[in-house]
Chemist: 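Have a look at the structure that comes next, please.
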Amino acid sequence: GVVVYFGDHVFPRPRWLLDSLAMLFSADSIASDELHDDCVAWREHGIISMALLKYLWRGRPVDVLIEVATQHLHLLEQANESDMYTLRKY
C-alpha cells in the first residue's frame with residue numbers, strides 16, 4: 001500500500017487525506033444553514049473561517065489538516081485574523 005507523510009504526520013490511508021481536503025471544495029453542500037455566511041465568504045472571496053473548517057472536518061484532527069493544508073500543500077494561508085484562512089493564490 002501507499003503511505004503519505006508530511007513532516008511528523010503519517011497518513012497510512014491517503015484516500016482519507018484526499019477526502020478530507022476535498023471537503024473544502026464542497027462546503028456549500030455539506031455545511032449547515034447556520035454557516036451560510038461562512039460558505040459565501042469561502043465561495044466568493046476565498047476566506048474560510050475556523051468555524052467552517054471545524055464543521056467540515058468534525059471528527060477529524062483539524063489542527064493536523066490545517067497544518068498539512070498550510071505548511072505542506074500550500075493550499076491555504078492564515079489571514080490577518082487568527083481564525084481565518086485564505087485560499088492561496090498563485
Chemist: Output all residues satisfying side chain to side chain contact (heavy atoms under 4.5 Å, CB included) with Ala41, sequence neighbours left out; order by chain, then residue number.
Modeler: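 Counting only residues at least two positions away or on another chain, Ala41 forms no side chain to side chain contact (heavy atoms under 4.5 Å, CB included).
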
Chemist: Please answer: with hydrophobic residues joined when any side-chain heavy atoms are less than 4.5 Å apart, are Leu75 and Ile47 in the same cluster?
Modeler: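 No.
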
Chemist: Would you say Met50 and Ile66 make side-chain contact, with heavy atoms under 4.5 Å?
Modeler: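 A side-chain contact under 4.5 Å exists here.
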
Chemist: Kindly write out the residues that satisfy side chain to side chain contact (heavy atoms under 4.5 Å, CB included) with Leu18, not counting sequence neighbours, or none if the list is empty.
Modeler: none

Chemist: For Ser32, what residues pass the side chain to side chain contact (heavy atoms under 4.5 Å, CB included) criterion, not counting sequence neighbours?
Modeler: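 Residues passing side chain to side chain contact (heavy atoms under 4.5 Å, CB included) with Ser32: Glu34, Leu35, Tyr55.
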
Chemist: With clusters built from Ile, Leu, Val, Met, Phe, Trp and Tyr whose side-chain heavy atoms come within less than 4.5 Å, directly or transitively, what are the remaining members of the cluster of Val40, listed by chain and number?
Modeler: none

Chemist: Show every salt bridge (charged side-chain N to carboxylate O under 4.0 Å, His left out) that has at least one partner inside residues 37-61, sequence neighbours left out.
Modeler: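 Qualifying pairs: Asp28-Arg43.
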
Chemist: Using a 3.5 Å distance criterion without hydrogens, assess whether the side chain of Ser26 forms a donor-acceptor pair with backbone atoms of Ser29.
Modeler: no

Chemist: Tell me who clusters with Val3, hydrophobic residues only, linked when side chains sit under 4.5 Å apart either directly or through other members.
Modeler: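 Val3 shares its hydrophobic cluster with Tyr5, Val10.
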
Chemist: Using side chain to side chain contact (heavy atoms under 4.5 Å, CB included), reason through Leu21 and Leu73 one step at a time and then give a plain yes or no.
Modeler: CA-CA 10 Å; Leu21 295 172; Leu73 296 176; 3.4 Å; yes

Chemist: Are Ile30 and Leu56 side-chain neighbours, meaning at least one heavy-atom pair lies under 4.5 Å?
Modeler: yes

Chemist: Using the side chain to side chain contact (heavy atoms under 4.5 Å, CB included) rule, take Leu17 and Leu65 through it: C-alpha gap first, then chi angles, then the decisive distance, then the call.
Modeler: CA-CA 8 Å; Leu17 178 60; Leu65 290 168; 3.8 Å; yes

Chemist: Which pairs with one or both residues in residues 3-23 pass salt bridge (charged side-chain N to carboxylate O under 4.0 Å, His left out), sequence neighbours excluded?
Modeler: Arg15-Asp19

Chemist: Do Trp57 and Asp63 make a side-chain contact, defined as non-hydrogen atoms from C-beta onward lying under 4.5 Å apart?
Modeler: no

Chemist: Under the side chain to side chain contact (heavy atoms under 4.5 Å, CB included) rule, what do Glu77 and Tyr85 come out as? Steps first, then yes or no, please.
Modeler: CA-CA 5 Å; Glu77 56 190 1; Tyr85 292 85; over 6 Å; no

Chemist: So, using side chain to side chain contact (heavy atoms under 4.5 Å, CB included) as the criterion, who are the partners of Val2 when residues are at least two apart?
Modeler: Val4, Pro14

Chemist: Using every non-hydrogen atom in the two residues, find where Cys39 and Ala27 come nearest and quote the distance to one decimal.
Modeler: SG-O, 3.8 Å

Chemist: Taking only residues two or more places apart in sequence or in another chain, which ones pass side chain to side chain donor-acceptor pair (under 3.5 Å) with His74?
Modeler: Arg88

Chemist: Considering only heavy atoms from C-beta outward, does the side chain of Phe6 approach that of Val64 to under 4.5 Å?
Modeler: no

Chemist: Applying ring-ring contact (aromatic ring centres under 6.0 Å, His included), which residue pairs with at least one partner in residues 33-52 are found, sequence neighbours left out?
Modeler: none

Chemist: Taking only residues two or more places apart in sequence or in another chain, which ones pass side chain to side chain donor-acceptor pair (under 3.5 Å) with His9?
Modeler: Glu67

Chemist: Within a strict 4.5 Å, meaning less than it, do heavy atoms of the Thr86 and Leu76 side chains meet?
Modeler: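 The answer is no; the side chains never approach within 4.5 Å.
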
